[in-house]
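FYI, the numbering just counts along the sequence from 1.
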Amino acid sequence: VQLQASGGGLVQPGGSLRVSCTASDSGFAFSRYNMGWFRQAPGKEREFVAGIKWSWTTKYADSVKGRFIISRDSAKNTVYLQMNSLEPEDSAVYYCAAEPNRNWGLFEDIRRIDYWGQGTLVTVSS
């Protein structure tokens, strides 16, 4: 299974951008996975941004609460991250991820992640 991320680019501070991640394998059991987004800025560790369960339960990093919205389209095997009020500190490579949909919290342990996307670059700059 490949997770194909897209939608990154250059945006001015205060602007908006939506990134997408699609599972390329039509046989991918989308409902059996929690989907999420991580990001990694130069010189920093990869950090959790947002996650969503099949039940649409969501979780966000404190730094993006109220600005970012995660959603999923099961018919398209796609997860989205709508990013609003972007700040230069949001600049990073954004990676999507899939972990099994089990009775645990969203993306509490990075070792549970089965699949990673290839990343899409988001740059917030004037």
Using modelled atom types and a 3.5 Å cut-off, is there a donor and acceptor pairing between side-chain atoms of [X] and backbone atoms of [Y]?
X	Y	value
Tyr60	Ile70	yes
Thr22	Asn77	no
Lys59	Leu106	yes
Ser31	Ala29	no

Legend entry - Test: Arg72 cationic atom under 6.0 Å from Phe30 six-membered ring centre, within 45° of axis: yes
Legend entry - Any donor-acceptor N or O pair under 3.5 Å, side chains Asp73, Thr78: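 Absent: no donor and acceptor within the cut-off.
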Legend entry - Side-chain H-bond candidate by donor/acceptor type, Arg39 with Tyr94, under 3.5 Å: yes
Inset, instruction - Treat each ILVMFWY residue as a node, draw an edge where side-chain heavy atoms are under 4.5 Å apart, and state whether Tyr80 and Val64 are in one component. - result: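 Looking at the clustering, Val64 is in a separate group from Tyr80.
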Inset, instruction - Kindly work out whether a path of hydrophobic side-chain contacts (I/L/V/M/F/W/Y, heavy atoms less than 4.5 Å apart) joins Ile110 to Val93. - result: yes
Nearest heavy-atom pair of [X] and [Y]: which atoms, and what distance?
X	Y	value
Leu86	Arg67	CA-NH1, 3.9 Å
Pro100	Tyr33	N-CD2, 3.7 Å
Cys21	Leu3	SG-CB, 3.7 Å

[X] [atom1] to [Y] [atom2] distance, which is reported to the nearest 0.5 Å:
X	Y	atom1	atom2	value
Glu89	Lys44	CD	NZ	7.5 Å
Ser74	Met35	OG	CE	10.0 Å
Phe48	Ser63	CZ	OG	10.0 Å

Inset, instruction - Scan residues 35-66 for pairs that pass disulfide (SG to SG under 2.5 Å), counting only residues two or more places apart or in two chains. - result: none
Counting C-beta onward and ignoring hydrogens, is there a side-chain heavy-atom pair between [X] and [Y] closer than 4.5 Å?
X	Y	result
Glu99	Phe107	yes
Asn34	Trp104	yes
Leu81	Val49	yes
Ser16	Met83	no

List the atom pairs, with distances to 0.1 Å, where a side-chain N or O of residues 112-126 and a protein N or O form a donor-acceptor pair under 3.5 Å, not counting sequence neighbours.
unit_1 : atom_1 : unit_2 : atom_2 : d
Gln118 : OE1    : Ala5   : N      : 3.0
Gln118 : NE2    : Ala5   : O      : 2.9
Thr120 : OG1    : Gly8   : N      : 3.0

Legend entry - Tyr95 ring center near Phe38 ring center (under 6.0 Å): no
